[in-house]
There are 2 protein chains.
Amino acid sequence: MGKGKWVTMKDVADLANVGTITVSRVLRTPEKVSEPKRQRVQNAIAELGYVPDNTAGALSSSKSRIFGAIVSTISDSVFASTLDGLSSTLRAAGYELLLTSTGYDSDVEEDALRALLARRPDGIVLTSTSHSAGVTKLIKSLSIPAVEIWQLPSAPLDIAVGFSNFQAAYDMARHLIDSGRKNIAFVGGDGPRDARGRRRREGYLAALNAAGMPPITWSNKEQGAVSGIETGAAFFESCLNINPHTDAVMCVSDMVAVGVLCEARRRNVEVPGDLAVAGFGGFEVSMPSGLDLTTIEVPGKDIGVASAKALLDPEAARAKKVIDLGYKLVQRGTT
Amino acid sequence: MGKGKWVTMKDVADLANVGTITVSRVLRTPEKVSEPKRQRVQNAIAELGYVPDNTAGALSSSKSRIFGAIVSTISDSVFASTLDGLSSTLRAAGYELLLTSTGYDSDVEEDALRALLARRPDGIVLTSTSHSAGVTKLIKSLSIPAVEIWQLPSAPLDIAVGFSNFQAAYDMARHLIDSGRKNIAFVGGDGPRDARGRRRREGYLAALNAAGMPPITWSNKEQGAVSGIETGAAFFESCLNINPHTDAVMCVSDMVAVGVLCEARRRNVEVPGDLAVAGFGGFEVSMPSGLDLTTIEVPGKDIGVASAKALLDPEAARAKKVIDLGYKLVQRGTT
DNA sequence: TTTGATTATGGTATCGATACCATGCTTGAA
DNA sequence: TTCAAGCATGGTATCGATACCATAATCAAA
């Protein structure tokens with residue numbers, strides 16, 4: 001049709017022989033327009049292939065119907081399910097999600113936030129919980145809801161949705177201690193940029209400390225990869241050097257645990273007889289068959305859905321301030 | 001600062017004692033403004049914490065500096081790296097990415113597209129290659145670049161960036177045939193909504209057909225999960241029933257291959273002696289240690305980067321029309 | 001019939017930026 | 001000295017919608 005030009009509301013109005021405002025009403029509050037005109041307008045819309053311009057709408061109504069999200073990486077599959085939940089819930093309510101990734105670089109966060117704010121979003125989602133002074137100031141000065149997700153911060157900027165990594169790891173360590181394990185190791189979670197992993201490690205340390213057990217921690221920092229399957233496999237290389245009596249290993253993620261399990265099978269280390277293995281959750285929602293891994297199930301998608309609800313109804317969410325969705329320790333065959 | 005109100009360009013202009021247009025120029029073409037005024041304006045911006053309103057800018061310049069992307073799911077980690085590449089490249093050029101997921105429902109695609117177009121993007125990215133008539137018509141009528149990614153379509157709507165799943169799988173099958181395997185199975189890729197997996201399966205079938213070998217295909221459709229680790233593990237259950245002489249298995253993804261490998265180790269099936277295992281790639285970019293899996297390395301992130309470039313310079317990209325980034329058959333220890 | 005309430009509809013200002021044109025000033029060449 | 005060219009700057013219209021107010025039409029009650 002139009003080359004380089006968009007059809008405008010005026011075009012529709014002219015064709016239907018009504019005022020532009022009537023077209024606007026047909027789209028937003030159709031019950032306020034009489035039947036015959038509504039029909040004419042709708043026909044005109046279809047005939048011209050009219051697509052409303054939300055940019056203009058946002059300007060005049062000062063409601064953009066966009067929410068912004070800042071994530072460290074999209075590739076991190078843990079976030080992915082959250083983003084899916086967020087995006088689909090918002091879309092169902094007629095909102096769009098503007099996504100920006102920082103690549104774990106906190107200097108970028110402020111830039112990303114500014115870029116986001118330039119679109120005048122109706123609310124924002126942050127996936128990190130420690131912010132620079134600039135970011136904090138910027139957010140505090142806004143009148144739109146800000147939701148921090150995943151790791152629950154001690155002092156939320158506005159609204160927080162997530163669960164406690166610390167507590168979950170603590171519980172998992174207790175589970176291993178209670179089932180009689182004496183030498184419990186922890187693998188991963190030491191990356192300087194991986195705040196969630198670090199909290200898990202801290203939960204583990206706290207539990208062992210409370211039980212009077214010496215911790216056994218390990219990572220392959222030098223290799224750069226701290227969360228892949230290979231980390232779990234490589235763990236065996238040095239594990240026995242540190243403590244040859246290790247009889248349980250908590251992993252910072254399910255992926256790492258899968259690596260440990262594969263390697264254990266290859267070396268004929270019996271699981272859970274010789275070695276208990278625990279993961280940390282939700283990289284694949286269900287893994288009932290095959291691996292039978294004990295893990296912490298994390299409400300990734302629920303976090304997305306709950307954040308969306310918080311953005312859509314900030315008053316209700318602010319009443320709670322912190323929305324803790326919990327986690328589930330799922331015991332299976334590996335412990 | 002302002003409660004519920006945003007600082008506008010006018011506010012900055014008043015404080016700096018210049019016209020609004022000068023503020024605009026300081027932000028976009030600073031070299032056209034004299035040194036002293038530029039300083040005054042920049043001070044005013046900093047003092048007021050001014051964040052420009054791109055919504056308004058988009059309206060008057062009819063350039064939104066937004067690109068839209070429609071993906072089936074964000075959770076699919078394969079897309080994730082592409083989205084990362086796309087998003088970061090665009091952001092570096094001052095553009096933003098508006099993301100919408102369809103949840104594999106092609107009815108939703110047209111809705112999603114309309115919602116995207118309502119934001120007047122400067123270009124769009126599509127991850128599926130078969131579109132409804134409505135979608136095709138809508139896109140053809142646009143004057144903005146449209147990039148189809150991953151699977152290369154036979155007749156691109158506008159620009160296509162990706163590689164051939166068919167050819168890659170064909171090559172992998174040839175590799176197995178050439179290395180002397182006689183009974184080669186294929187696992188997965190039969191989901192009605194998984195077009196990429198289907199093309200891989202077809203490539204496999206074509207190669208076996210050309211070699212005069214009967215195919216052995218398997219899937220656990222009934223379980224709903226056709227791409228997880230458990231698929232690979234479950235494969236063993238029925239594999240021997242179909243063909244007890246199976247000596248090679250091509251998997252629709254690396255994840256499935258990991259499942260196969262783990263299960264093989266557990267059952268003391270020697271890899272690659274008794275069974276060759278091949279994955280299909282890039283769910284984790286490098287897995288050098290531990291698993292040593294032969295796989296097809298897929299240029300996930302590059303696709304994102306190349307798409308971003310195509311969007312930013314559509315004329316150059318249109319000259320090529322189809323940008324084939326290829327793939328890499330990486331032979332490792334499992335074949 | 002008049003009045004007030006209610007519904008349907010349109011006109012006009014406005015949102016916050018950019019585009020375009022006009023202006024005044026400074027130069028250097030004629 | 002005069003004029004053209006170039007630069008810095010500002011004024012005003014404009015982008016495409018919505019908000020707000022005004023008006024016309026309809027209907028029930030007085």
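The figures that follow rest on heavy atoms only: side chains count, while hydrogens, waters and symmetry mates do not. Here is the naming used below: chain letters follow the sequence lines, and residue numbers restart at 1 for every chain.
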Polar pairs (N or O, both sides) under 3.5 Å between protein and nucleotides 9-11 of chain D?
residue, atom, partner, partner atom, Å
D/dT9, OP1, B/S34, OG, 2.8
D/dT9, OP2, B/S34, N, 2.9
D/dT9, OP2, B/S34, OG, 3.3
D/dT9, O3', B/K37, NZ, 3.3
D/dG10, OP1, B/G19, N, 3.4
D/dG10, OP2, B/G19, N, 2.9
D/dG10, OP2, B/T22, OG1, 2.4
D/dG10, N7, B/R25, NH2, 3.2

Can you tell me which nucleotide in [options] comes closest to the side chain of [X]?
X	options	answer
B/D53	D/dA19, D/dG16, C/dG16	C/dG16
A/T8	D/dT18, C/dT18, D/dG16	D/dG16
A/Y50	C/dT18, D/dT18, D/dA17	D/dA17

In whole angstrom, what separates [X]'s [atom1] from [N]'s [atom2]?
X	N	atom1	atom2	value
B/R38	D/dA8	CZ	P	9 Å
A/R28	C/dT9	CZ	P	16 Å
B/E31	D/dG6	CD	P	17 Å
A/L117	C/dG16	CG	P	15 Å
A/E35	C/dT9	CD	C1'	16 Å
B/N54	C/dT18	CG	P	8 Å
B/M9	C/dC15	CE	P	15 Å
B/L59	D/dA17	CG	P	9 Å

Practice problem: Describe the nucleic acid contact of B/S62 in one word from base, sugar-phosphate, nothing, applying a heavy-atom distance below 4.0 Å. | Solution: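 Result for B/S62 = nothing.
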Heavy-atom pair with the smallest gap, counting every atom of B/R114 and A/V51:
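Shortest heavy-atom separation between B/R114 and A/V51 comes out as O-CG1, 3.8 Å.
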Backbone of A/R120 reached by a side-chain donor or acceptor of A/S64 within 3.5 Å |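 Here the side-chain-to-backbone pair exists.
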Under 4.0 Å between a side-chain N/O of B/S24 and OP1 or OP2 of C/dA17, yes or no?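 No, B/S24 has no side-chain N/O under 4.0 Å of OP1/OP2 on C/dA17.
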### Message
Is A/R40 close enough to C/dT9 that one of its side-chain N or O atoms is under 4.0 Å from OP1 or OP2 there?
### Response
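It does not, given that no N or O in the side chain of A/R40 lies less than 4.0 Å from OP1 or OP2 of C/dT9.
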>> Angle between ring planes, A/Y95 versus A/F67, binned at 30° and 60°: parallel, tilted or perpendicular?
In response: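 Taking A/F67 first and then A/Y95, their aromatic rings lie parallel (interplane angle under 30°).
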Distance check, rounded to the nearest 0.5 Å: [X] atom [atom1] versus [Y] atom [atom2]?
X	Y	atom1	atom2	answer
B/E47	B/Q42	CD	CD	14.0 Å
A/Q151	A/T127	CD	OG1	12.0 Å
B/L97	B/L83	CG	CG	7.0 Å
A/I124	A/I70	CD1	CD1	6.0 Å

